[in-house]
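A quick note: this is a predicted structure, and the numbers were derived from the prediction, not measured.
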Amino acid sequence: QVQLVESGGGLVQPGGSLRLSCAASRITFSRYAMGWYRQAPGKQREVVATVTSGGDTNYANSVKGRFTISRDNDKNTVYLQMNNLKPEDTAVYYCNAKLFTAAYWGQGTQVTVSS
């Protein structure tokens, strides 16, 4: 059974930083496009950042210049470095793995940005 396990969420003050990690198991990680999504209360889930199997990245306009997605194929892990966090970044962050029609989700990790 495929597993995506997120970690690194928490409470941080505005302007602070967090690094999320997502460890994948039971997939050929290097073949998958990986992504981070988030869902705030009362809102739809939205894409935050994605990285292809070849390493190409894409970001939502709201996080460009502040967030960085990266992957380590040796560790089967994808990261999201989040800097200069804002209260509007508060959400549950989900890891996603996608290959053709197969898609898997992690259980989510809460990020709260508040003073």
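For the atom pair CD of Gln81 and CG of Leu20, the computed distance is 9.0 Å after rounding to the nearest 0.5 Å. Atom-to-atom distance recorded for Met82:CE and Thr68:OG1 is 11.0 Å, nearest 0.5 angstrom. To the nearest 0.5 Å, atom CD1 of residue Ile27 and atom OH of residue Tyr32 are 5.5 Å apart. Between the OG1 atom of Thr52 and the CG atom of Asn58 there is a distance of 10.0 Å, given to the nearest 0.5 Å. How far CZ of Arg71 is from CG of Asn76: 9.0 Å, rounded to the nearest 0.5 Å. To the nearest 0.5 Å, atoms CG (Leu11) and CG (Leu18) are separated by 9.0 Å.
Under the 4.5 angstrom side-chain criterion for Ile, Leu, Val, Met, Phe, Trp and Tyr, the cluster partners of Tyr37 are Val47, Val92, Tyr94, Trp105.
Listed here is the closest heavy atom pair of Ala49 and Leu80: CB-CD1, 4.2 Å. The nearest pair of heavy atoms linking Ser62 to Arg38 is OG-NH2, 3.4 Å. When all heavy atoms are compared, the tightest approach of Gln110 to Ala91 is NE2-O, 3.4 Å.
Evaluation of the salt bridge (Lys or Arg N to Asp or Glu O under 4.0 Å) test over residues 48-62, restricted to residues two or more places apart or in two chains, returns none. Residue pairs meeting the side-chain hydrogen bond (donor to acceptor under 3.5 Å, both in side chains) criterion with at least one member in residues 14-30, sequence neighbours excluded, are Ser17-Asn83. Contacts classified as disulfide bond (SG atoms under 2.5 Å apart) and involving residues 25-76 (residues at least two apart or in different chains) are not found. Under the disulfide bond (SG atoms under 2.5 Å apart) criterion, the residue pairs touching residues 64-115 are Cys22-Cys95, with sequence neighbours excluded.
Within the 3.5 Å criterion, the main-chain N or O of Gln107 finds a donor-acceptor partner in the side chain of Glu6. Although no hydrogens or angles enter the test, the distance criterion places a donor-acceptor pair under 3.5 Å between the side chain of Thr90 and the main chain of Val113. Counting only distance, with no hydrogens or angles, the side chain of Asn96 and the backbone of Tyr104 share a donor-acceptor pair below 3.5 Å.
Surrounding CD of Gln44 are at most 12 heavy atoms belonging to other residues, nucleotides or ligands under 6.0 Å away.
In this structure, Val51 and Ser70 have side chains that are not in contact, with every pair of non-hydrogen atoms separated by 4.5 Å or more. Counting heavy atoms from C-beta on, the side chains of Phe100 and Arg31 come closer than 4.5 Å.
For Arg66, the salt bridge (Lys or Arg N to Asp or Glu O under 4.0 Å) test picks out Asp89, with sequence neighbours left out.
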Next item on the list: Test side-chain contact (heavy atoms from CB on, under 4.5 Å) on Leu85 and Phe67 and set out the steps.
Entry: CA-CA 9 Å; Leu85 282 159; Phe67 291 10; 3.8 Å; yes
